[in-house]
Novice: 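Got a structure for you, questions after.
Scope of the values below: all heavy atoms of this structure, side chains included, with no hydrogens, waters or symmetry mates.
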Amino acid sequence: MIHRITNTEKVKHIFGDWQETVIWSCLQQVMGSIYADDPKYPMAAMAVLGDFCYFAGTPKRELVQYKPVDTQQDFIIMVPSNDEWGSLIETCYGERSRKVMRYAIRKGGEDFKQEKLEQIVASLDSAYSLQLIDENIYNYCLANAWSKDFVANYSDYQKYAKLGLGVAILKDGEPVSGASSYSSYRGGIEIEIGTKEAYRRQGLAYACGAGLILECLKRNLYPSWDAQNKWSVGLAEKLGYHYEHDYPAYEITDY
């Protein structure tokens with residue numbers, strides 16, 4: 001039987017020093033949830049937040065196959081802590097699983113240059129304006145597929161305003177690009193970044209990334225970055241981050 005863990009200190013050791021802020025959000029009980037095979041003496045655990053699920057400890061089939069009752073979506077990205085977990089995911093989901101590579105960006109040692117970041121934002125074409133995500137922009141983001149993940153993991157605007165942070169570039173009053181907190185943990189956020197398809201390849205994501213990093217620096221928040229693809233790695237490096245390593249994940253459909 002799988003249990004939702006309310007005392008996350010019981011499972012903290014299972015995740016060890018895994019440098020993943022989504023796991024930290026769950027362990028700190030800021031956002032997301034932790035599930036394990038046993039509430040008192042857990043051997044295996046998973047951290048679930050938004051579209052992501054991380055597995056650690058002794059691989060357990062029942063944990064891989066367990067779908068939390070409050071998980072509504074039919075798509076999720078499963079991240080195994082080792083090859084044994086990965087093989088179990090493949091066995092359980094078969095053709096519904098697609099193995100992909102993601103790219104970890106080093107946490108710490110960034111080369112953020114405030115003057116450069118300010119110049120990136122200042123160089124934005126006058127047809128565009130960059131501003132913090134307020135309630136109106138929050139509602140827009142939530143209602144549109146391309147921008148939904150900027151805010152979707154916060155139950156309402158009040159929670160986003162308390163825990164989250166983001167910027168958007170507007171054209172004619174409508175958001176066309178943005179960078180925001182996919183999730184939050186104590187002392188930082190995990191960045192989600194994107195641009196509406198018709199406005200891509202114009203440097204808008206670059207400006208949004210610079211703007212959000214500047215806002216994080218003002219607030220003494222760490223702007224964590226995890227890359228889905230090599231384009232995202234390149235953008236991160238242009239902003240002052242450093243690539244660390246790639247890692248496997250599994251995109252699960254009909255979850």
Novice: Counting N and O atoms only, with roles assigned by atom type, does the side chain of T195 sit under 3.5 Å from a partner on the main chain of S177, one being a donor and the other an acceptor?
Specialist: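 It does not hold such a pair.
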Novice: With sequence neighbours excluded, what pairs up with R98 under the salt bridge (charged side-chain N to carboxylate O under 4.0 Å, His left out) test?
Specialist: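 Scan of R98 (salt bridge (charged side-chain N to carboxylate O under 4.0 Å, His left out), adjacent residues dropped) gives E251.
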Novice: Is the shortest side-chain heavy-atom distance between I191 and Y182 below 4.5 Å?
Specialist: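 A side-chain contact under 4.5 Å is absent here.
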Novice: Are there more than 12 heavy atoms of other residues, nucleotides or ligands under 6.0 Å from atom CE of M43?
Specialist: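 At most 12 heavy atoms, drawn from other residues, nucleotides or ligands, come within 6.0 Å of this atom.
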Novice: Give a yes or no answer on whether the side chain of E190 reaches the backbone of D226 with a donor-acceptor pair at less than 3.5 Å.
Specialist: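 The answer is yes, because a donor-acceptor pair under 3.5 Å joins these two groups.
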Novice: Any ion pair linking D246 and R102 (charged N to carboxylate O, less than 4.0 Å)?
Specialist: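 No.
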Novice: Might you point out which heavy atoms bring W225 and A227 nearest each other, and give the distance in Å?
Specialist: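 For W225 versus A227, the nearest heavy atoms are CD1-N, 4.1 Å.
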Novice: Could you tell me the separation between the CD1 atom of I213 and the CG atom of L221, rounded to the nearest 0.5 Å?
Specialist: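 One finds 12.5 Å between CD1 of I213 and CG of L221.
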Novice: Which word best sums up how the rings of W18 and F15 line up, parallel for under 30°, tilted for 30 to 60°, or perpendicular for over 60°?
Specialist: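 The arrangement is tilted - the two ring planes meet at 30° to 60°.
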Novice: Is T8 reaching over with its side chain to a backbone N or O of L27, donor-acceptor style, under 3.5 angstrom?
Specialist: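 Yes: the side chain of T8 pairs with the backbone of L27.
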Novice: Taking side chain as C-beta onward, heavy atoms only, is Y250 less than 4.5 Å from I77?
Specialist: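 No. Closest side-chain heavy atoms not under 4.5 Å.
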Novice: Is the backbone N or O of A104 less than 3.5 Å from a side-chain atom of H245, with the two atoms forming a donor-acceptor pair by type?
Specialist: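 Not confirmed, H245 side chain does not pair with A104 backbone.
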Novice: Going by ring pair (Phe, Tyr, Trp, His ring centres under 6.0 Å), name the residues that satisfy it together with Y199, two or more places apart in sequence or in a different chain.
Specialist: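 Expected list: none.
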Novice: Counting neighbours of CD on Q29 that are heavy atoms of other residues, nucleotides or ligands and sit closer than 6.0 Å, is the number greater than 12?
Specialist: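 Yes, CD of Q29 has more than 12 neighbouring heavy atoms, counting only those of other groups under 6.0 Å.
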Novice: In Å, rounded to the nearest 0.5 Å, how long is the span from CZ of R200 to CH2 of W231?
Specialist: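 It is 8.5 Å, given to the nearest 0.5 Å.
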Novice: Flag yes if I76 and L49 sit in one hydrophobic cluster, no otherwise; membership is Ile, Leu, Val, Met, Phe, Trp, Tyr, and two members link when side-chain heavy atoms are under 4.5 Å apart.
Specialist: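 I76 and L49: separate clusters.
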Novice: Between Y35 and Y66, is the ring centre distance below 6.0 Å?
Specialist: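 Centroid distance Y35-Y66: below 6.0 Å, so yes.
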Novice: Would you mind reporting whether M31 and Y154 have side-chain heavy atoms less than 4.5 Å apart?
Specialist: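 Touching, per the 4.5 Å side-chain cut-off.
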Novice: With under 30° as parallel and over 60° as perpendicular, where do the rings of Y103 and Y243 fit, or are they tilted in between?
Specialist: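 Ring orientation of Y103 relative to Y243: tilted.
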Novice: Measure the spacing between CZ of F75 and CD1 of I252 and express it to the nearest 0.5 Å.
Specialist: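 Reported to 0.5 Å precision, the distance equals 8.5 Å.
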Novice: Looking at every non-hydrogen atom in both residues, tell me the closest pair between P80 and P248 and how far apart they are.
Specialist: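 Nearest heavy atoms, P80 then P248: CD-O, 3.6 Å.
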Novice: Carefully, step by step, assess Y160 and D134 under the rule side-chain hydrogen bond (donor to acceptor under 3.5 Å, both in side chains).
Specialist: CA-CA 9 Å; Y160 180 83; D134 59 14; over 6 Å; no
Novice: Has the side chain of T91 got a donor or acceptor atom that lies under 3.5 Å from a matching backbone atom of S87?
Specialist: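 Checking the backbone N and O of S87 against the side chain of T91, a donor-acceptor pair under 3.5 Å is found.
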Novice: Could you give the distance from OG (S147) to CD (E192), rounded to the nearest 0.5 Å?
Specialist: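 Spacing of OG (S147) from CD (E192) equals 10.0 Å.
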Novice: Is it the case that more than 12 heavy atoms not belonging to E115 sit under 6.0 Å from its CD atom?
Specialist: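 No, the 6.0 Å shell around CD holds no more than 12 heavy atoms from other groups.
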Novice: Within the supplied structure, the quantity of interest is the number of heavy atoms (other residues, nucleotides, ligands) at a distance under 6.0 Å from D70 CG; does it exceed 12?
Specialist: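 Counting other residues, nucleotides and ligands, CG of D70 exceeds 12 neighbours.
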Novice: How many angstroms lie between NZ in K67 and SG in C53, if you round to the nearest 0.5 Å?
Specialist: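 Output value for this atom pair is 11.5 Å.
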Novice: Going from CG on L124 to OG on S129, what distance comes out if it is rounded to the nearest 0.5 angstrom?
Specialist: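 Result: 8.0 Å between the selected atoms.
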Novice: Would you call R61-D37 a salt bridge at under 4.0 Å N-O?
Specialist: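 Between D37 and R61 there is no salt bridge, as every charged N stays at least 4.0 Å from the carboxylate O atoms.
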Novice: What is the minimum heavy-atom distance between A45 and I34, and which atoms define it?
Specialist: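 Looking at all heavy atoms of both residues, the closest pair is CB-CG2, 4.5 Å.
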Novice: Would you say Q73's side chain and G50's backbone share a donor-acceptor pair under 3.5 angstrom?
Specialist: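 Yes; judged by distance alone, with no hydrogens or angles, the pair exists.
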Novice: Is K107 salt-bridged to E244, cutoff N-O under 4.0 Å?
Specialist: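 Judged by the 4.0 Å cut-off on N to carboxylate O distance, K107 and E244 do not form a salt bridge.
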Novice: Test your reading of the model: is there a side-chain donor-acceptor pair from D125 to the backbone of Y128, 3.5 Å cut-off?
Specialist: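 No, because the side chain of D125 does not come within donor-acceptor range (under 3.5 Å) of the backbone of Y128.
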Novice: Hey, does Q65 have a side-chain heavy atom less than 4.5 Å from the side chain of L63?
Specialist: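 Contact flag for L63/Q65 side chains = no.
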Novice: Between W85 and K60, is there a donor-acceptor pair closer than 3.5 Å when you use the side chain of the first and the backbone of the second?
Specialist: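 Pair absent, no side-chain N/O of W85 close to backbone of K60.
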Novice: Whether the R96 and T253 side chains hold a donor-acceptor pair (N or O, under 3.5 Å, no angle test) is what I'd like checked.
Specialist: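 The answer is no; no qualifying pair exists.
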Novice: Side-chain donor-acceptor pair under 3.5 Å between Y138 and Q158, yes or no?
Specialist: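 The criterion, which ignores hydrogens and geometry beyond distance, is not satisfied for Q158 and Y138.
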Novice: Within the distance-only criterion (no hydrogens, no angle test), does the side chain of D74 pair as donor or acceptor with the backbone N or O of Y255 below 3.5 angstrom?
Specialist: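 It does not hold such a pair.
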Novice: How about P223 and Y241: do any of their side-chain heavy atoms sit closer than 4.5 Å?
Specialist: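 Yes - at least one pair of side-chain heavy atoms lies under 4.5 Å apart.
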Novice: I'd like to know if the side chain of S232 and the backbone of N229 have a donor-acceptor N/O pair within less than 3.5 Å.
Specialist: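 Not confirmed, S232 side chain does not pair with N229 backbone.
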Novice: Looking at N220, I'd like to know if its CG atom is crowded, meaning that more than 12 non-hydrogen atoms belonging to other residues, nucleotides or ligands lie closer than 6.0 Å.
Specialist: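 It does not: N220 CG has 12 such atoms or fewer within range.
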